[in-house]
Amino acid sequence: MSYILKTNQLTKVFEGKEVVSGVNMHVKQGEIYGFLGPNGAGKTTIMKMITNLIKPTSGDIEIFGEKLTNTSYEVLKRIGTIIEYPIFYEKLTAKENLYLHCEYMGYYDKKSIDHALDLVKLHNVDDKKVKDFSLGMKQRLGIARAITTKPELLILDEPINGLDPIGIKELRELFKMLCKEYGITLLISSHILAEMEQMADTIGVIQNGKLIKEVSMKSINGEQTDYIEVTVQDIKKATYILDHELGLKNYKIISEQMIRIYEMTATQQEISKALIMKDIEIESINKKHSSLEEYFLNLMNGEGIHA
Amino acid sequence: MLKLMRLELMKFKFGWYIKGAIITNIIMTPILCFVMYLEQQERDSMITMYQEAFVMIGAMVRATFIVFAAVLIAKIVIEEYKNKTILIMFSYPINRKKMIASKLLFIAALTFITMLVTNIIVAGSFTIINSYFPIVPFSITANQYFGEALKMIPYSIATAGISLIPLYFGMRKHSVPTTISSSLIVVMIACASNPAFSMVILFN
């Protein structure tokens, strides 16, 4: 498997404090890599190091199979970025901004400007200066700028900030399309889990500057478990019945009245029937499945205690 | 390098600079005539020879354009850092040293050209006005004028260099006011009218 981006023990120290410590991340060619972590976890710092805006304290970054050094300028030609929030030359119009971008990037297909504006659905902005744009429009323009030059790697830091729900949906489709049809690899950071869940192929979870886990969505989906949650008055009796009548072994007592049954051999009906037959009052019985959100919250909380 | 400078030109739209330079040209000539006239009313006038008149014109022009250059620095260097647009610049596949160097070279070149042109125009119009309505007790011949005009070139080069000094102060806190006010200090030192302390005299 070829990695388009690889970091090796990447560490950054700001004023004696480790902001990013020992990150080993692997981004495969042609996937959407979701960078997930709470605010201030070090996502932006890592992205800045990848785009050569700040220098790592130690460790190194390998991009397109080459090591990133102080003078790796050529590599930047193949990357499109938005870091932190989109910044523009405010006194210029959207098109002038994109034109300048193309010139600096050494990209001369000027048709791509209109095409990019079209892709992010930014219309009728010809004479408007960027300083009059709303945050959502700037966000869209930022993405347009990042994709005008058809980069191989797209690094987007919180690209859905400040967008309305429809906009978010549109952009999600756009990202997927870019990934599939143009074969662009995307590195997207966000603190919004649900968003990542719907887009990413691989998720890297970062907290307190450490990359806790790097998993592909497919494997998480496999790990997701369904369970039946039963609330009863008499928990001892209930567990006895589960054990002896239904032969269920894989359950967990959550509180004094709540049991979670992970084994799916018995249906909800069978369980409730068995319990009622033995005169146990059931307050509620539900079938649930633990979502990705829970998975990550568990992951982060667990790590939180260690740290 | 030239391409980078051309892009800077596009990015920052320098209409205001050209306008400013033209206005400077228009205003400076009457002020100069007025100052020369007052100077002659005093008993021990400093301006007794045509060279001194040119030194004075040169000092005025230099003072103006050092401040102009500081505004340029503030606009195309300091403000890029302040607005963080420099981060965009740094994400381009261009050597960063070259990028900054092209900005500075651009400022220096623009300052040099406008300074030289202004100097020639103001001194020229003063010469012409003086030949019709004598302000100073001497006339300036065409030959003298061209000789002085040639001398303006090295001065302008030197001043273009000096005009970059405010960058140092401005970059410390990325502050526009600091840049402009430090340029005023540079003006006071470089264009002091007291001949004993004037750097202009040192150059001679």
Side-chain angles (χ1 to χ4, degrees), chain A residues 44 47-55 63-64 66 68-93 95-108 129-131 138 141-142 145-146 148-149 151-157, chain B residues 1-20 68 70-107 110 170-177 179-180:
Chain A
T44 302
M47 287 183 154
K48 277 188 178 168
M49 285 193 275
I50 294 169
T51 49
N52 223 347
L53 285 177
I54 52 177
K55 232 174 108 180
I63 197 161
F64 304 119
E66 281 169 45
L68 201 66
T69 62
N70 268 349
T71 49
S72 310
Y73 299 117
E74 280 307 305
V75 110
L76 295 172
K77 228 178 210 172
R78 301 159 70 181
I79 309 178
T81 52
I82 309 180
I83 302 283
E84 264 174 314
Y85 49 89
I87 312 165
F88 299 97
Y89 293 102
E90 304 262 314
K91 284 178 190 162
L92 304 181
T93 66
K95 274 194 183 166
E96 283 170 324
N97 263 295
L98 294 187
Y99 179 79
L100 271 176
H101 178 75
C102 285
E103 286 283 329
Y104 275 117
M105 284 300 247
Y107 190 83
Y108 296 103
K129 287 180 177 173
V130 175
K131 67 176 171 204
K138 279 188 191 172
L141 182 57
R145 182 172 58 191
T148 358
T149 54
E152 288 161 63
L153 175 64
L154 204 53
I155 298 178
L156 305 172
D157 193 6
Chain B
M1 205 74 158
L2 275 176
K3 194 193 149 201
L4 285 179
M5 282 154 86
R6 187 175 62 83
L7 288 175
E8 293 293 336
L9 196 68
M10 224 165 84
K11 200 159 57 181
F12 292 101
K13 300 192 172 151
F14 289 98
W16 62 272
Y17 188 87
I18 308 294
K19 261 185 230 158
F68 264 62
V71 179
L72 276 178
I73 291 173
K75 261 200 155 41
I76 76 178
V77 185
I78 309 285
E79 279 199 342
E80 279 231 64
Y81 275 92
K82 217 173 135 206
N83 300 337
K84 296 196 172 165
T85 46
I86 197 76
L87 289 183
I88 311 176
M89 299 295 291
F90 284 167
S91 71
Y92 293 139
I94 296 163
N95 190 324
R96 287 168 201 179
K97 279 177 196 150
K98 204 173 146 189
M99 195 144 49
I100 299 294
S102 76
K103 278 176 184 289
L104 297 185
L105 194 64
F106 178 76
I107 295 168
L110 198 60
M171 279 305 281
R172 297 176 125 192
K173 278 184 183 166
H174 299 166
S175 149
V176 174
T179 317
I180 313 266

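Hydrogens, waters and symmetry mates are skipped; everything else that's a heavy atom, side chains included, is used. First the proteins, then the strands, lettered A, B, ... as listed; each starts at 1.
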Chemist: Nearest 0.5 Å please: distance from the NZ atom of B:Lys13 over to the CG atom of A:Leu92.
Modeler: 5.0 Å
Chemist: Distance from A:Glu103 atom CD to B:Leu4 atom CG, nearest 0.5 Å?
Modeler: 10.5 Å
Chemist: Is it the case that atom NZ in A:Lys91 sees more than 12 heavy atoms from other parts of the structure closer than 6.0 Å?
Modeler: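 Result for NZ/A:Lys91: open.
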Chemist: Checking A:Glu96 against chain B: side chain, backbone, both or neither under 4.5 Å from a heavy atom?
Modeler: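 Contact with chain B: side chain only.
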Chemist: Taking 4.5 Å as the heavy-atom cut-off, does anything in residues 82-92 of chain B contact chain A, and if so which residues?
Modeler: B:Asn83, B:Lys84, B:Thr85, B:Leu87, B:Ile88, B:Met89, B:Phe90, B:Ser91, B:Tyr92
Chemist: Using non-hydrogen atoms only, which part of A:Phe88 is less than 4.5 Å away from chain B: side chain, backbone, both, or neither?
Modeler: backbone
Chemist: For residues B:Lys11 and A:Tyr104, is any side-chain donor paired with an opposing acceptor at under 3.5 Å?
Modeler: yes
Chemist: If you define the side chain from C-beta out and look only at heavy atoms, does anything of A:Tyr73 sit under 4.5 Å from B:Arg96?
Modeler: yes
Chemist: Using a cut-off of under 4.5 Å for heavy-atom pairs, which of B:Met99, B:Met10, B:Lys97 has the most such pairs with chain A?
Modeler: B:Met10
Chemist: Which region of A:Thr51, side chain (C-beta onward) or backbone (N, CA, C, O), has a non-hydrogen atom less than 4.5 Å from a non-hydrogen atom of chain B, or is it both or neither?
Modeler: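 Just the backbone, heavy atoms under 4.5 Å.
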Chemist: Tell me, for A:Arg78 versus chain B, whether the close heavy atoms (under 4.5 Å) come from the side chain, the backbone, both or neither.
Modeler: neither
Chemist: Just how far is it from atom CD of B:Glu79 to atom OH of A:Tyr89, taken to the nearest 0.5 Å?
Modeler: 11.5 Å
